[in-house]
Amino acid sequence: MTTNLSIEFFPPQSAEGADKLRLVRQRLAVLKPEFFSVTFGAGGSTQERTFETVFDIQREGHPAAPHLSCIGSTRPYIREILERYRAAGIRRIVALRGDLPSGVGTPGELRYANELVEFIRAETGGHFHIEVAAYPEYHPQAKSPRDDLLAFKRKVDAGADSAITQYFYNIDAYLHFRDECAALGVDVPIVPGIMPIVSFSKLARFSDACGAELPRWMRRKFEAFGDDSDSIKAFGLDVVSQLCEKLIAAGAPGLHFYSMNQASATLAICERLGIGG
Ligand code: FAD
């Protein structure tokens, strides 16, 4: 089966972490992903590590897609980053607003992701394939579902080529979002973001923060497993593999894995799906 895959990492915090991530990438490379993407923290401290990871990936011969967020930043700084990526032969960018750590910094010169997309297009024309974020369960700060949908449309109108969604476990949310986009004439590929489940407590905390819903039936089952991490992993693998199967059957244009810098869970799901390896 051919399904376009992409896999996301966050920049490791140390040289040791970078070595570990290289091994993770080696394992994941058997899936022949379209690209590996690397997140970018708003507000500074981890940004150098994003650059290092992106260039590492490129040196290994894999297509790399850096994430770039605009909140708290300036046009000259973003221009400098774009030039650096262009000079290095990077062809794809995931353009985001980002989130400032609470109480830190000011919004900066570009306030929303559509302004960043517009800026990238103005500065670099068609050089980069631009990905943007989409939220099938709506962004937690959106005034209304309609406003969020229109904000997504603005990013596409500004020049985004495709989108990657926030993760979700309720396929109807994705299908509904896709239908709503189609009704608005937004026809870029919207690739579902897939979060493998390896630990329930972490996932529950994270989901609350980013506004992704963990359906009650899943929550109840995970809670009932308590500390039984093997059962959590096995059930997580079933649930996420089935979600992916349904998404592919429903015509999703690809799958984007939030790897959390681990190889095993993504590989296990892809093995179930008969992809790669
Ligand atoms: P936007 O599209 O700008 O939307 C942000 C909010 O503002 C939404 O609620 C929207 O409805 C609203 N909005 C948009 N335009 C307007 C307007 N004109 N007026 C009023 N409201 C408006 N974060 C990082 O820091 N680094 C990363 O690397 C990173 N990678 C991500 C990758 C993916 C695939 C996804 C889905 C998210 C990622 N995030 C990352 C998280 C993301 O930065 C946050 O969700 C952030 O809060 C919103 O970013 P955005 O690009 O979706 O913003």
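Along the sequence shown, residues carry numbers from 1. Ligands are counted one by one from 1 in listed order, and the atoms in each one are counted from 1 as well. Predicted model only: the values in this text are computed from it and were never measured.
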Quick one: look up the protein heavy atom nearest [atom] and list residue, atom name and how far away it is.
| atom | answer |
| --- | --- |
| atom 36 (C) of ligand 1 | Ala133 CB, 3.5 Å |
| atom 3 (O) of ligand 1 | Ala113 N, 2.8 Å |
| atom 40 (C) of ligand 1 | Leu96 CD1, 3.9 Å |
| atom 10 (C) of ligand 1 | Asp148 OD1, 3.3 Å |
| atom 23 (N) of ligand 1 | Gly98 CA, 4.1 Å |
| atom 25 (O) of ligand 1 | Phe40 O, 3.5 Å |
| atom 2 (O) of ligand 1 | Lys155 NZ, 2.7 Å |
| atom 51 (O) of ligand 1 | Arg97 N, 2.8 Å |

For Ser207 and Tyr167, which I'm curious about, is there any donor-acceptor pair between the side chains at under 3.5 Å? yes
Return yes if a side-chain donor-acceptor contact under 3.5 Å exists between Thr74 and Glu109, otherwise no. no
Are Asp19 and Arg22 within salt-bridge range, i.e. N to O under 4.0 Å? yes
Do the charged groups of Glu118 and Arg121 touch, with an N to O distance under 4.0 Å? no
Among pairs that include at least one residue of residues 10-35, which meet ring pair (Phe, Tyr, Trp, His ring centres under 6.0 Å), considering only residues two or more places apart or in two chains? none
With respect to [X], determine whether any N or O atom, backbone or side chain, lies less than 3.5 Å from an N or O atom of ligand 1.
| X | result |
| --- | --- |
| Ser69 | no |
| Ile164 | no |
| Asp99 | yes |
| Ala134 | no |
| Asp147 | no |
| His67 | yes |
| His139 | yes |
| Tyr258 | no |

Could you tell me which atoms of ligand 1, counted from 1 in the order shown, lie closer than 4.0 angstrom to a heavy atom of [X]?
| X | value |
| --- | --- |
| Gln141 | 9 (O) |
| Ala151 | 10 (C), 11 (O), 14 (C), 15 (N) |
| Gln166 | 36 (C) |

Could you tell me whether a side-chain N or O of [X] sits under 3.5 Å from a main-chain N or O of [Y], the two making a donor and an acceptor?
| X | Y | result |
| --- | --- | --- |
| Gln166 | Ala134 | no |
| Asp147 | Ala142 | no |
| Gln58 | Ala88 | yes |
| Lys155 | Ala133 | yes |

Consider ligand 1: state whether an atom of it lies below 4.0 angstrom from any non-hydrogen atom of Tyr167. no
Does Arg154 come within less than 4.0 angstrom of ligand 1, counting non-hydrogen atoms of the residue? yes
Verify whether the ring centers belonging to Phe177 and Tyr135 lie closer than 6.0 Å. no
Tyr258 ring center within less than 6.0 Å of His256 ring center: yes
Taking ring pair (Phe, Tyr, Trp, His ring centres under 6.0 Å) as the test, write out the residues that go with Phe200, two or more places apart. Phe222
For salt bridge (charged side-chain N to carboxylate O under 4.0 Å, His left out), just list the numbers for Asp56 and Arg59, CA-CA rounded to whole Å, side-chain angles, deciding distance to a tenth of an Å, and then say yes or no. CA-CA 5 Å; Asp56 242 17; Arg59 273 192 296 274; 2.7 Å; yes
Cation-pi geometry met for Arg84 and Phe51 (6.0 Å, 45°): yes
Side chain, backbone, both or neither: which applies to Ala142 and ligand 1 if a contact is any heavy-atom pair less than 4.0 Å apart? both
Please state which option from Phe152, Phe10, Tyr112, Tyr135 has its nearest heavy atom closest to atom 49 (O) of ligand 1. Tyr135
